[in-house]
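All ligand and atom numbering here is 1-based and tracks the order in the structure. Predicted, not measured: the structure shown is a model, and the values here were computed from it.
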Amino acid sequence: MLTQTLEQYFGFSSFRAGQEPVISRVMQGESACAIFPTGAGKSLCYQLPATQLPHLTLVISPLLALMHDQIAFMTQKGIAAATIDSTQTPEQTQQVMDQVRRGHIKVLMISVERLNNERFRQFITPIPLSLLVVDEAHCISEWGHNFRPDYLKLPAYRQQLHIPQVLLLTATATPAVVEDMQNKFAIPASNTTLTGFYRPNLHLNVVAVEEAQKRQALVEQLQPETHLPTVIYVTQQQTAEEVAQWLQTQHIRATAYHAGMDHETRVSIQDAFMSGQTPCIVATIAFGMGIDKADIRRVIHFDLPKSIENYSQEIGRAGRDGLRATCTVLANQSSLNVLENFIYGDTPDQAAIHSLLGDIQQADEQWEVMLNTLSRAYNIRILPLKTLLVYLEMAGVITSQYSYFAEVKFQCIESPQAITDKFHGERQAFVAQLFACAVKAKTWYKMDFQQLWQRFGAERKRALTALEYFHEQGWIALSTQQVTQVFRVNASGIDMSTQAEQLYHLFAQKEKSELVRINQLITLLESPTCISQRLATYFGDHAAPQQCGHCSVCQGQIAHLPPRPALPHIDPQSLSTWCSHFIAACDSTPSAAAITRFLLGLSSPLHNKIKAKSIPGFATLAAYPYQTVKQSVMTETEIDA
Ligand SMILES: [Zn+2]
């Protein structure tokens, strides 16, 4: 029966490893979890059931390029699939929404942020849903890589939208993260399918090389077969450009590729790579997400990958055709300080958490927030700030009520009078009130909801629904901006000081676990035993051979990475001068952590506010370890952590 459907829609005569048990579970009405390596056919696990389930399948996907690829694939297979995303015109979005309402769409793909959107939730709530699919489901775990706080809210959204089943998909999750995923969606462990991580055709090499020799080592890796399809991963956009140029001087056809390039350039580079015209791509991790080239023969890490999870994903793009491919890391420890420092930059100051919680307690029952404003006010980066708010929600201190657009504007295509005349009775009166409370600028009207409420007692929600309807009918063009989140505060009886301590502790724990992750990567690269086997074990796959026979360790080469570079002692006189420049630019005395972030050049909302880049001392100590700098700052300035 399932095989028949597989044949009918996809033209395959049999399932790939792991697909059948996952699909059967979903078809039996259960929730499930699938952990397959990249390229092992995860998507089919929802695409096939979606054709059979009675209602809509809602897919949460983190990447636009990935969504568009999947939609193209499904459309080609005759599955009605669509996306609602930021690249669409309002007309296109409207068209998709119409089709969904009529039940013409089987699969709808969205980003997780879409669910925070008031207009989207109003639209999706009445639609019957069969299945919620969470792609890259490891993003829900605080202890995994790529944690995305909005994912933590998915279990609650699932309940609100009455979605009976969930399917979680990921390529990279450690056993601890899988357990976390299962717990958050209450999926029994027995409904998790894990296929093997070991890829016998990948030859994993670690080459220990001093920073100064890396370019030469890269050329040696590429020669003599410079025509082989190769992806070279680097961390920074500038490195991508420089390395590509250097390779060209060595007569190797290489092109840089990174997120700083415009869309058209990137597409043309991808095309040249796909056709074999450019064999070598020097890319930041932005490359490969939407690329499905089966015959990539080499993946070379010019810079260290960010974590074992990233490494696994990136090498996973090699040898999809099953033929031999080589994956090489050119490794040393020179960039470790920078990698680690980035992590420290994410931890909010203890004082900032205390003052934020204090302010929440002072807030009325309702607390309205715009993230950017909050981020600047408390000097907490956006990602940890979102995390903090989600944690407070989960602790019951605040309850998310809704988010709305601070600004609702429209342009009239038909005149307000003509629109009002289309209605009768109470409705007509309401529409007239609505226009009476819209303030006209040059061509745009701006809605004043407060006036609408005060003068006529008309609710914002009804007004928004009406405007939405006018927009659908083509009578107006609607524009909504600046998301404001509204929370209810339940602070009575809660000891905010203890709460703040606990939150700080959580962030400190996260910081520690991120640092451990870097450490684990180094341990893997310096492994004295089979690298393939270690990698598989890290992801809970115990079926890999003890010795693959073709990694650099099995070939007799254990890598000893050159250590971090020795740095000159920090001159106390200069340090003191830099600190005082920075302190003078701040409104109040900054914490030692804030001063350290300045000296290391780590991004911080405060830096934008005071234009820190132009203050002498900014990023001067970027190469130094965070703890060393912070200790020196504390000694020199006698300011607390
Ligand atoms: Zn091996």
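Screening residues 239-251 for side chain to side chain donor-acceptor pair (under 3.5 Å) gives Gln238-Glu242, Glu241-His258 as the qualifying pairs, with residues at least two apart or on separate chains. Sorted by first and then second residue, the side chain to side chain donor-acceptor pair (under 3.5 Å) pairs involving residues 539-555 (not counting sequence neighbours) are Tyr198-His550.
Listed by chain and residue number, Glu142 satisfy the side chain to side chain donor-acceptor pair (under 3.5 Å) test with Tyr391 (two or more places apart in sequence, or in another chain).
In the model, Ser61 has no side-chain atom that pairs as donor or acceptor with a side-chain atom of Gln70 under 3.5 Å. No hydrogens or angles considered: nothing links the side chains of Glu136 and Tyr151 as a donor-acceptor pair under 3.5 Å.
Only one option out of Lys512, Arg517, Glu511 pairs with Ile343 in a side chain to side chain contact (heavy atoms under 4.5 Å, CB included); it is Glu511.
Of all protein N/O/S atoms, those lying under 2.8 Å from the Zn ion (ligand 1) come to 4.
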